[in-house]
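Following: one structure in structure tokens, then a few remarks.
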There are 2 protein chains.
Amino acid sequence: MPRVGLSPAGVVDAAIAIVDESGPGELTLSAVAGRAGVATPSLYKHVRNLAELRRLVRRRILEELTGRLSDAALGRSRDDALRSIMRAYRSYVVDHPGRYAAMDQSAEPEPELDAASEKLLGVVLAVLRGYGLEGPDLVHAARCLRSAVHGFAVLEAAGGFGLPEDLETSYELLITMVKSGLPHPTPAP
Amino acid sequence: MPRVGLSPAGVVDAAIAIVDESGPGELTLSAVAGRAGVATPSLYKHVRNLAELRRLVRRRILEELTGRLSDAALGRSRDDALRSIMRAYRSYVVDHPGRYAAMDQSAEPEPELDAASEKLLGVVLAVLRGYGLEGPDLVHAARCLRSAVHGFAVLEAAGGFGLPEDLETSYELLITMVKSGLPHPTPAP
DNA sequence: AGGAGAAGCTATGGACATTAGCTTACTGGC
DNA sequence: GCCAGTAAGCTAATGTCCATAGCTTCTCCT
């Protein structure tokens, strides 16, 4: 049999392509194998099982998203940075709704993703620290920011916003809401 | 065979019990059948298939949540009402994390749930109208409120908040954030 | 060239959803 | 009180999917 040169990363590539095209519900080993040009059991040479593949997919997505956010934060601070990462977050979801949907399909918290999540959290914390936030205030602010952004993203990716009003405008309001709701220990310097 | 007196509602009851105890990932027809004291194929006398059962479960949950919210809004208005429904929302999730997790497992938007969603939306809109909001502003505000609350709920139900800081406090900040971020076409009367 | 290890494969088994077709318990009309 | 007809239950069987076992064959390194 002519080897096809698969690798864990290649398997994840195929999985991501499926998620992009058909959503996380269609992510099955046979589908991945089909796309990779290989019989299903061959995948086990590269990936422990389906659960592990899902984890790798989520990690890949998380890292990709983190990359976008940290690019968006580069050279900016305060409201400028906040707005920029919030817009980057949503634009990732708009560009890849399937991927984003795949990311929150996990039932349990997964220690394997902690490193990746922490990096993303790091970007967010850095931006919020620019407002002079620290300690518990910083954590609470980060949670709220994350909730707002994630909530909007999930709903949009799932087609949960039925009405015809412009989503951009709604998101701008969300950005305003977060900005105006941050604790303000240090007014502008 | 002694009839067990099952009904669509009874099947949903069993399904909800499973979701409560083990999460939406364990919701399988054999599990439901086992709990209902019936063989798996018998379920098809009451429910078209697994997808339909999931839909019914989601509808039940949505209705339950709507009930809580509308109770919470009763006799209140403006900040008082807003705070009350936001707290009611979260308390539902804290009481039934499995149920809430089950509710956002749908890949596609489901027309069958539109009536139920609309009722929930109705409660939210009523509260926001109390601020004098209407038209597109009302829609944008409702989306932001929903995003914030849903985002927090999903993350909390999934165990996504790892740090030890108090979640109550974080949620209070989220409430403040939403209040302070609402468009303000009509200041207090 | 030759051998080791990795990358494939087929065959098999077990869980689950679903369909088909049968049996048996209730229910309403006589 | 009896007797259909219907609805609720069952067993059997099929197809899909994840997973494991064990064999074969590339490929690469020496």
Side-chain angles (χ1 to χ4, degrees), chain A residues 1-60 98 101-103 105-108 110 112, chain B residues 1-60 98 101-102 105-108 110 112-113:
Chain A
M1 284 293 121
R3 301 219 173 170
V4 73
L6 214 48
S7 67
V11 175
V12 173
D13 289 344
I16 296 233
I18 290 167
V19 161
D20 278 343
E21 288 171 17
S22 324
E26 303 298 314
L27 179 55
T28 141
L29 287 183
S30 20
V32 173
R35 174 174 287 265
V38 124
T40 305
S42 307
L43 295 177
Y44 287 84
K45 298 287 175 175
H46 306 285
V47 146
R48 185 163 19 220
N49 52 30
L50 178 61
E52 153 118 336
L53 174 57
R54 291 210 183 103
R55 240 176 286 127
L56 293 174
V57 166
R58 278 193 222 106
R59 180 159 73 188
R60 170 85 67 89
M103 229 186 45
Q105 298 273 349
S106 84
E108 297 302 305
E110 299 168 302
E112 287 90 346
Chain B
M1 286 290 123
R3 300 221 174 167
V4 74
L6 215 49
S7 66
V11 175
V12 173
D13 289 344
I16 296 234
I18 290 167
V19 161
D20 278 342
E21 287 170 18
S22 323
E26 303 298 313
L27 179 56
T28 147
L29 286 183
S30 19
V32 172
R35 172 174 288 264
V38 123
T40 305
S42 307
L43 296 177
Y44 287 84
K45 298 287 173 171
H46 306 287
V47 146
R48 185 161 23 216
N49 52 31
L50 178 61
E52 154 119 336
L53 174 57
R54 291 211 182 103
R55 239 176 287 129
L56 292 174
V57 166
R58 277 192 224 109
R59 182 159 72 187
R60 170 85 65 89
Q105 299 272 352
S106 84
E108 297 302 306
E110 298 167 303
E112 287 90 345
L113 297 185

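Both backbone and side-chain heavy atoms feed into the values below; hydrogens, waters and symmetry mates do not. The structure displayed is predicted, hence computed values, not measured ones. First the proteins, then the strands, lettered A, B, ... as listed; each starts at 1.
Side-chain N/O atoms of A:His46 include one lying less than 4.0 angstrom from OP1 or OP2 on C:dG8. Remark: B:Ser42 is in phosphate contact with D:dC10, judged by side-chain N or O atoms under 4.0 Å from OP1 or OP2.
Residue pairs that meet the side-chain hydrogen bond (donor to acceptor under 3.5 Å, both in side chains) test with at least one member in residues 42-51 of chain A, sequence neighbours left out, are A:Arg48-A:Glu52. Identified under the salt bridge (Lys or Arg N to Asp or Glu O under 4.0 Å) test for residues 22-40 of chain B, with sequence neighbours left out: B:Glu21-B:Arg35.
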**Message:** Does the protein touch nucleotides 13-19 of chain D at the base, only the backbone, or not at all? Give it as B, S and - per nucleotide, heavy atoms under 4.0 Å.
**Reply:** ----SSB
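For A:Ala33, the side chain to side chain contact (heavy atoms under 4.5 Å, CB included) partners at least two apart in sequence or on another chain are A:Val38, A:Thr40, A:Leu43. With sequence neighbours excluded, the residues that form a side-chain hydrogen bond (donor to acceptor under 3.5 Å, both in side chains) with A:Glu110 are A:Arg58. Applying the side-chain hydrogen bond (donor to acceptor under 3.5 Å, both in side chains) rule to A:Thr28 yields the partners A:Ser30; only residues at least two apart in sequence or on another chain are considered. For B:Ala15, the side chain to side chain contact (heavy atoms under 4.5 Å, CB included) partners two or more places apart in sequence, or in a different chain, are B:Leu27, B:Val32, B:Leu53, B:Val57. With sequence neighbours excluded, no residue forms a salt bridge (charged side-chain N to carboxylate O under 4.0 Å, His left out) with A:Arg59. A search for salt bridge (charged side-chain N to carboxylate O under 4.0 Å, His left out) contacts involving B:Arg60 returns B:Asp13, not counting sequence neighbours.
For the pair B:Leu43 CG and D:dA7 P, the computed distance is 18 Å after rounding to whole Å. D:dT25 atom C1' lies 17 Å from atom CG of A:Leu6, rounded to whole Å. One interatomic measurement links the two molecules: NZ of B:Lys45 to C1' of C:dT23, which rounds to 11 Å at whole-angstrom precision.
Of all non-hydrogen atoms in A:Gly98 and A:Val19, the two that sit nearest each other are O-CG1, 3.2 Å.
Across its full length, the helix from C:dA1-D:dT30 to C:dC30-D:dG1 shows an angle of 10° between the axes of its 5 terminal pairs at either end, rounded to 10 degrees.
The stretch residues 7-14 of chain A does not touch DNA chain C, since none of its heavy atoms comes less than 4.0 Å from the strand.
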